[in-house]
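Notes to accompany the following structure.
Every chain is numbered from 1 and lettered A, B, ... according to where its sequence line falls, protein lines coming before strand lines. Every heavy atom of this structure was used, including side-chain atoms; hydrogens, water molecules and symmetry mates were not. Note that the coordinates shown come from a computational prediction; the quantities given were computed from them, not determined experimentally.
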There are 2 protein chains.
Amino acid sequence: MKKPSGTHTNPSAGLSDVAETETAAIGLIDIQSTDTPSAGPKLRADAARNRERVLTAAAKVFADRGLDVSLDEVARAAGVGVGTVYRRFSDKEALVKALFEDKIENVVVFARESMMFEDPWEGFVHFIERALDLQVQNRGLRDALLHSEFGRAGAARTRAVVTPMVTTIIERAQAAGRLRSDLVAEDVPMLVTMLGAVSDFMGPSDPELWQRYRVLILDGLVAQRAGWTPLSNPPSREVVDAAMTKPL
Amino acid sequence: MKKPSGTHTNPSAGLSDVAETETAAIGLIDIQSTDTPSAGPKLRADAARNRERVLTAAAKVFADRGLDVSLDEVARAAGVGVGTVYRRFSDKEALVKALFEDKIENVVVFARESMMFEDPWEGFVHFIERALDLQVQNRGLRDALLHSEFGRAGAARTRAVVTPMVTTIIERAQAAGRLRSDLVAEDVPMLVTMLGAVSDFMGPSDPELWQRYRVLILDGLVAQRAGWTPLSNPPSREVVDAAMTKPL
DNA sequence: GGTAAGTGGAGGTCTTCTCTCCATTTCTGC
DNA sequence: GCAGAAATGGAGAGAAGACCTCCACTTACC
């Protein structure tokens, strides 16, 4: 991951160990959890292997292209028949749940971390950057959190817990005079939406480009500034044209 | 349309008449143009009426929900059978072309206008605001310009003409020290994409919300600032939740 | 090596889209 | 008014694609 070198680009200063640990955990897939977590009749070796293959493939394909990828395609990506997918996960929803249920909780972790920063602005930037990293990169997770229908229960519960925490984070940074005073917690999903859209649009050809606009937006969020934070490289004309000239 | 009262919110100062005239023209539908513009065998009265009904309905429905609305739905919205739509327009592409071909050209008009401003920053803001108004509000037009497949030829041609003009507009504002110097013309479609995503997400429940983030982004684009431009009202928690709890 | 568990993928069912066809209705010139 | 050309609407053909089931065959385990 590229690290642009601007004024709000070192969010983990003073908390790097906590942050790093969490980041690592996000990548893991919980291979223990079954479709119905209560039942645990011990899988045969090949079955366990295939279950993991499906989870890995689904994680990749959902992250890249969102939750409306068909299970046939997940099966193909896993090198497995559709039947196998359905034998292991009763439903598409069950698969999504197995993949994302715990990851969604990470947002709470980020919020808690952010409140522990001494500098309120750094805490705010930490939360924004973590939340964006999580949701912008992973389109499936973003779908689950923002357009739930699958995660519904879990996502709504998490939002209910996180929103007041985000309000606190924002108000601390505002009280410190670093953050513009008209930002509210409800803006965060909109920022995710905006940067997610760039990521969806240019993702395949330039996966880091969205961060250019994250920096731009942070320069809009700061209460005042004498100059600007340098942006990462812009897209080339060719790449933009290529992204545009492709199916809806 | 709500007019937030910030520092970069009066783009048409000193050019209001030109701007207003153009804006009015955008709303019109050219009822003369036929599917194949060369042929003009004079339509029967009812046919002409229905043709216009289809165009009007299609304009509305494409603007609201993008180009992947089915022609059955356009027909229903027009109060007409699908057969009638296909009798008048050989193809979905033909309908889209008839609707948008000339509107796309408006981007060129905006660019020309913007270059005529005495104050380079005001010219830049004028262009950005016009271009966003045009494309964010009208999802169909945005689809045609950004994800062409339909408008392909026309959109590509327009982009080729406009890009150098936008570069000039941007460089003038940068030379005047008002615009951050790392912005390039290729960023404009990304800004459209970002705000378009907010509009798609919250559009039905809060059609003007995207402008809140337009102001935020402009505060990120300005070279430096002592304070911030006030944002329009944030979405309520309930409205955001409602937008989230709805199908993908 | 017997058997229960697991597998793959053809295909059933459903939905949704584009576009055609034609019996019926509506305009228009005389 | 009326004849005939023009136009209409909507059922439905055809294609695509999604979800999920079924079952003849294969594989792992004791």
* To do: Using whole Å, report how far CZ of A:R88 lies from P of D:dC20.
  => 17 Å

* Write down the distance between CZ (A:F89) and P (D:dC20), rounded to a whole number of angstrom. => 14 Å

* Structure fact -> In whole angstroms, the gap separating C1' of D:dA5 from NZ of B:K42 amounts to 15 Å

* Can you tell me if the side-chain N/O atoms of A:R51 get under 4.0 Å from OP1 or OP2 in C:dG6? -> no

* Tell me the salt bridge (charged side-chain N to carboxylate O under 4.0 Å, His left out) pairs involving residues 54-64 of chain A, sequence neighbours left out? -> A:K60-A:D64

Set out, line by line, the N/O atom pairs under 3.5 Å between protein and nucleotides 12-17 of chain C.
none

* Structure fact -> With the side chain defined as heavy atoms from C-beta on, B:Y86 is closest, among C:dT7, C:dC19, D:dT8, to C:dC19

Between protein and nucleotides 27-30 of chain D, what N or O pairs are separated by less than 3.5 Å?
residue: D:dT27; atom: O2; partner: A:R44; partner atom: NH1; Å: 3.1
residue: D:dT27; atom: O2; partner: A:R44; partner atom: NH2; Å: 3.0
residue: D:dA28; atom: O4'; partner: A:R44; partner atom: NE; Å: 3.3
residue: D:dA28; atom: O4'; partner: A:R44; partner atom: NH2; Å: 3.4
residue: D:dC29; atom: OP1; partner: A:A45; partner atom: N; Å: 3.2

* Please report, rounded to the nearest Å, how far the C1' atom of D:dC22 is from the CZ atom of A:R87. => 11 Å

* Structure fact -> From the candidates D:dG9, C:dT18, D:dT8, the one with an atom nearest any side-chain atom of B:V80 is D:dG9

* Over all heavy atoms of both residues, which pair between B:V136 and B:W210 is shortest? Give the atoms and the distance, please. => CG1-CD2, 3.5 Å

* Asked: Are B:M194 and B:Y213 side-chain neighbours, meaning at least one heavy-atom pair lies under 4.5 Å?
  -> no

* Asked: Does A:N50 have a side-chain nitrogen or oxygen under 4.0 Å from the phosphate oxygens OP1 or OP2 of C:dT7?
  -> yes

* What's the closest nucleotide to the A:T84 side chain, out of C:dA10, D:dA7, C:dT7? -> C:dT7

* To the nearest Å, give me how far apart CD (A:E52) and C1' (C:dG6) are. => 17 Å

* Structure fact -> Nearest heavy-atom approach of B:L99 to B:A58 is CD1-CB, 3.6 Å

* Asked: By side chain to side chain contact (heavy atoms under 4.5 Å, CB included), which residues pair with A:R139, not counting sequence neighbours?
  -> A:R142, A:D143, A:D200

* Can you tell me the distance, in whole Å, between the CZ atom of A:R76 and the P atom of C:dG9? => 11 Å

* Heavy-atom closest pair, residues A:F100 and A:A144 -> CD1-CB, 4.4 Å

Quick one: side chains of residues 70-82 of chain B, donor-acceptor pairs under 3.5 Å with protein atoms, not counting sequence neighbours, listed by atom name and distance.
residue: B:S70; atom: OG; partner: B:E73; partner atom: N; Å: 3.3
residue: B:E73; atom: OE2; partner: B:R65; partner atom: NH1; Å: 2.9
residue: B:E73; atom: OE2; partner: B:R65; partner atom: NH2; Å: 2.7

* List for me each residue that meets ring-ring contact (aromatic ring centres under 6.0 Å, His included) alongside A:F201, sequence neighbours excluded, and say none if there are none. => B:H147

* **Carboxylate-amine/guanidinium contact B:K97 B:D91, below 4.0 Å** => no

